[in-house]
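Just so you know, ligand 1 is whichever comes first in the structure, and atom 1 is the first atom listed for that ligand.
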Amino acid sequence: MSVTLSPKFFDVLDFGTPSAERDISRGLEECFVESAAYQRVRSGAKTIVMGNRGAGKSAIFKMLAKRERAAGSHVIELSPEDYSYELLSSTMAAENAGSWAKQGAYAAAWKYLIYILIMKVLAKKGMRLAKGGGREIHNYIRDNHATSQLGTLSLLISYLKRLEGIKIGPVAAGLKAHELDRLYKLEEIHELLPALRKVLDGQRVVVLVDELDRGWDSSEDAKAFVSGLFQACVSINEQHPNLRVYVSLRQELYDDIPALYEDAQKHRDLLERIHWSEESLLELIGKRIRYSAREKGFDVEALERAGDAACWSAVFSGPGQGSFRYMIDRTLYRPREIIQFCSEALEQARGRAGQLPVPHTAIERAEYGYSEERAKDIAAEYRFQYPGLLGVFEVFRGRPCTFSRQDLELLCLELATGEIPTSGTESWLPNCEPNELIGILWQTGLLSAQLNADDAYFGKHQVQHLNLAAVQRFQIHPMFRTHLGIGDSVGGALA
Ligand SMILES: Nc1ncnc2c1ncn2[C@@H]1O[C@H](COP(=O)(O)OP(=O)(O)OP(=O)(O)O)[C@@H](O)[C@H]1O
Ligand SMILES: [Mg+2]
């Protein structure tokens, strides 16, 4: 079924913003694609949400916050301003300055902070608390934290400082062990936990910790901060089903913290990885087109009846297998990518006083900027693990689109030996075996792999498990091609 949209809709159509923080006040609820992953998080079965940049971690948290609040829960959202890795590194002594295991210290400090925040929101409703056995909590907060206007991070740092002071400060040895034990066991608040559980029988508290990657500097303290939070989250979630601490984490950050993936076995059952498919991304855009039409006061009956594919075709016209195929092939299946690409194509069409559906030429014009931005963003995402990655991408500029394993291995060898020079890559590239480098380029999305001879090429975002060592042919992912001046013509590339 084809849908024709009012020409006026062309001027006002809007796919929403590229970040959930801004979308939440602009219709995210109406446009939200409710995946099974979201359900598992909502039910509390999964509490650690992991995904790449722009995959929808904040969207899940924003929706969770909204729905929990609507159901009467207390919601505590810890936002980016609350962490500053630089401050931590400059405030805390280095691990080798004393024998203090940082991760454990950070875990204790996080637990302390989160329990205090929880008790504070519960104590605000002092009257209700008084009946439920919560007078103790109320009194504790009144006596210890009533006047403190300290920011959240200060509370955490002050606890860390107490630990650090004992660990590496001039305290007599006998006292040290005792004092440390007290602090690690959170003695100050430990006795309040039974009262807290009782209060939680009648009230629900949800704590959301998002955007841990803001200002990430890969320092010792940053890593201990995040892995300590994981430990704290796991431990607090055991207290009561009505108390849930959720943490989101970017995939590369997780890979950058050895303490975390070494603990992966312990966390696996709590971990939810965000995945998108072509269908779910088409649904996401379909919902946004309908929402925009409704918002702007257009008659949406036909759109409401039409499927997501028909909504798409009403907005984008396309060649061959269609514009959706063309555009989705140029993403790593992340919502932010398709939203941005759609928005830029629409802008291009508007610039030429066109009309709906947006012609393919507008999509192609948008692709230049889009492809360049994506290549740079991806390289930036991996700047701690693989600094100088953009320069490695650049080495593929103007080369064929398709490579045999042999040719690719040779190129990788030339990169590792420095025969093809790159800058800023000293920390990782010279030690890279060709196979390893192929793995990195696959993981970051630059390379797609042919699973079987004569078959199509797939990217990491499309296959869950793959024996990369067995792959014989590779291709540069279409998202990077325009930026790198690589033609699509497979015939030419194979030559
Ligand atoms: N389930 C969903 N339904 C509808 N829109 C979504 C969904 N998930 C994400 N989006 C949209 O995709 C975009 C990117 O999502 P979001 O900001 O949540 O990504 P993120 O994983 O938090 O990224 P970052 O790592 O940069 O913080 C936003 O515009 C968001 O509204
Ligand atoms: Mg986010």
**Student:** Can you see which heavy atom on M327 is nearest to which on A345, and at what distance?
**Tutor:**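 Answer, listing the atom of M327 first, then A345: CE-CB, 4.3 Å.
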
**Student:** Could you work out, for atom 14 (C) of ligand 1, the closest of S35, P18, S58, G51 by heavy-atom distance?
**Tutor:**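 Result: the heavy atom closest to atom 14 (C) of ligand 1 is in P18.
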
**Student:** Can you tell which of G56, S280, P335, S19 gets a heavy atom nearest to atom 19 (O) of ligand 1?
**Tutor:**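 Considering heavy atoms of G56, S280, P335, S19, the nearest to atom 19 (O) of ligand 1 sits in G56.
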
**Student:** Please confirm whether R244 makes a cation-pi placement over Y246, using NZ or CZ under 6.0 Å from the six-membered ring centre and within 45° of the ring normal.
**Tutor:**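 Output no; distance or angle outside limits.
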
**Student:** Please answer whether the main-chain N or O of W442 pairs with a side-chain N or O of K460 as donor and acceptor at a distance below 3.5 Å.
**Tutor:**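 Not confirmed, K460 side chain does not pair with W442 backbone.
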
**Student:** For R250, is at least one N or O under 3.5 Å away from an N or O on ligand 1?
**Tutor:**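 N/O-N/O distance under 3.5 Å: no.
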
**Student:** Measure from the side-chain N and O atoms of E272 to the backbone N and O of V41, and report whether any donor-acceptor pair falls under 3.5 Å.
**Tutor:**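 No, E272 side chain to V41 backbone: no donor-acceptor pair under 3.5 Å.
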
**Student:** Give a yes/no on ligand 1: does R334 have at least one heavy atom closer than 4.0 angstrom to it?
**Tutor:**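 Under 4.0 Å: no for R334.
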
**Student:** Look at the rings of Y254 and F230 and say which category their plane angle falls in: under 30° parallel, 30 to 60° tilted, over 60° perpendicular.
**Tutor:**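 Geometry flag for F230 against Y254: tilted rings.
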
**Student:** Taking C-beta and beyond as the side chain, do R273 and Q251 meet within less than 4.5 Å on heavy atoms?
**Tutor:**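 Yes; the side chains approach each other to less than 4.5 Å.
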
**Student:** Does the N or O separation between D210 and ligand 1 drop below 3.5 Å for any pair?
**Tutor:**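 No, no N or O pair falls under 3.5 Å.
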
**Student:** So, taking the atom named OG in S73 and the one named CD in E68, what distance separates them when rounded to the nearest 0.5 Å?
**Tutor:**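 It comes to 4.0 Å.
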
**Student:** Could you walk me through whether Y38 and F61 pass the ring-ring contact (aromatic ring centres under 6.0 Å, His included) check?
**Tutor:** CA-CA 9 Å; Y38 171 77; F61 277 19; over 10 Å; no

**Student:** Under 4.0 Å from a heavy atom of D23: give me the atoms of ligand 1 that qualify, with their elements.
**Tutor:**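 Result: 28 (C), 29 (O), 30 (C), 31 (O).
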
**Student:** Fit a plane to each ring of F316 and W312, take the angle between them on a 0 to 90° scale, and name the class: parallel (under 30°), tilted (30 to 60°) or perpendicular (over 60°).
**Tutor:**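 Ring orientation of F316 relative to W312: tilted.
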
**Student:** At less than 4.0 angstrom from any non-hydrogen atom of A59, what atoms of ligand 1 do you find?
**Tutor:**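 Checking each atom against A59, I get 7 (C), 8 (N), 9 (C), 10 (N), 18 (O).
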
**Student:** Going by the closest heavy atom to atom 20 (P) of ligand 1, which one wins out of M63, K57, E337, E252?
**Tutor:**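 When every heavy atom of M63, K57, E337, E252 is considered, K57 comes closest to atom 20 (P) of ligand 1.
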
**Student:** From the options S248, A20, G54, G16, select the one whose nearest heavy atom is closest to atom 17 (O) of ligand 1.
**Tutor:**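 That would be A20.
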
**Student:** Under 3.5 Å between some N or O of ligand 1 and some N or O of E211?
**Tutor:**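 Yes, at least one N or O pair falls under 3.5 Å.
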
**Student:** Need one value: angle at the Mg ion (ligand 2), S58 atom OG versus E211 atom OE2, rounded to 10 degrees.
**Tutor:**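 That angle works out to 80° after rounding to 10°.
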
**Student:** With a 4.5 Å heavy-atom cut-off, do Y333 and I338 have their side chains touching?
**Tutor:**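 No, too far: nothing below the 4.5 Å cut-off.
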
**Student:** Does the N or O separation between I339 and ligand 1 drop below 3.5 Å for any pair?
**Tutor:**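 So ligand 1 has no N or O lying under 3.5 Å from an N or O of I339.
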
**Student:** Taking heavy atoms and a distance under 4.0 Å, where does R288 meet ligand 1: side chain, backbone, both or neither?
**Tutor:**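 Side chain only.
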
**Student:** Show me which atoms of ligand 1 lie under 4.0 Å from any heavy atom of C31.
**Tutor:**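 Near C31, meaning under 4.0 Å from one of its heavy atoms, ligand 1 has 3 (N), 4 (C).
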
**Student:** Could you tell me whether the side chain of F10 reaches within less than 4.5 Å of the side chain of V315, counting heavy atoms only?
**Tutor:**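 Sidechains of F10 and V315: no contact.
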
**Student:** Please confirm whether L284 comes within less than 3.5 Å of ligand 1 when only nitrogen or oxygen atoms on both sides are compared.
**Tutor:**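 There is no such contact.
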
**Student:** Considering non-hydrogen atoms of the protein only, which is the closest contact for atom 1 (N) of ligand 1, and what is the distance?
**Tutor:**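 The closest heavy atom on the protein side is V33 O, 3.0 Å.
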
**Student:** Determine, using heavy atoms of A55 and all atoms of ligand 1, whether some pair is separated by less than 4.0 Å.
**Tutor:**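 For ligand 1, residue contact (heavy atoms, under 4.0 Å) with A55 is present.
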
**Student:** Do any nitrogen or oxygen atoms of D213 come within less than 3.5 Å of a nitrogen or oxygen of ligand 1?
**Tutor:**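 Not met; the criterion fails.
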
**Student:** Based purely on interatomic distance, does W276 place a nitrogen or oxygen under 3.5 Å from a nitrogen or oxygen of ligand 1?
**Tutor:**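 By distance alone, the answer is no.
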
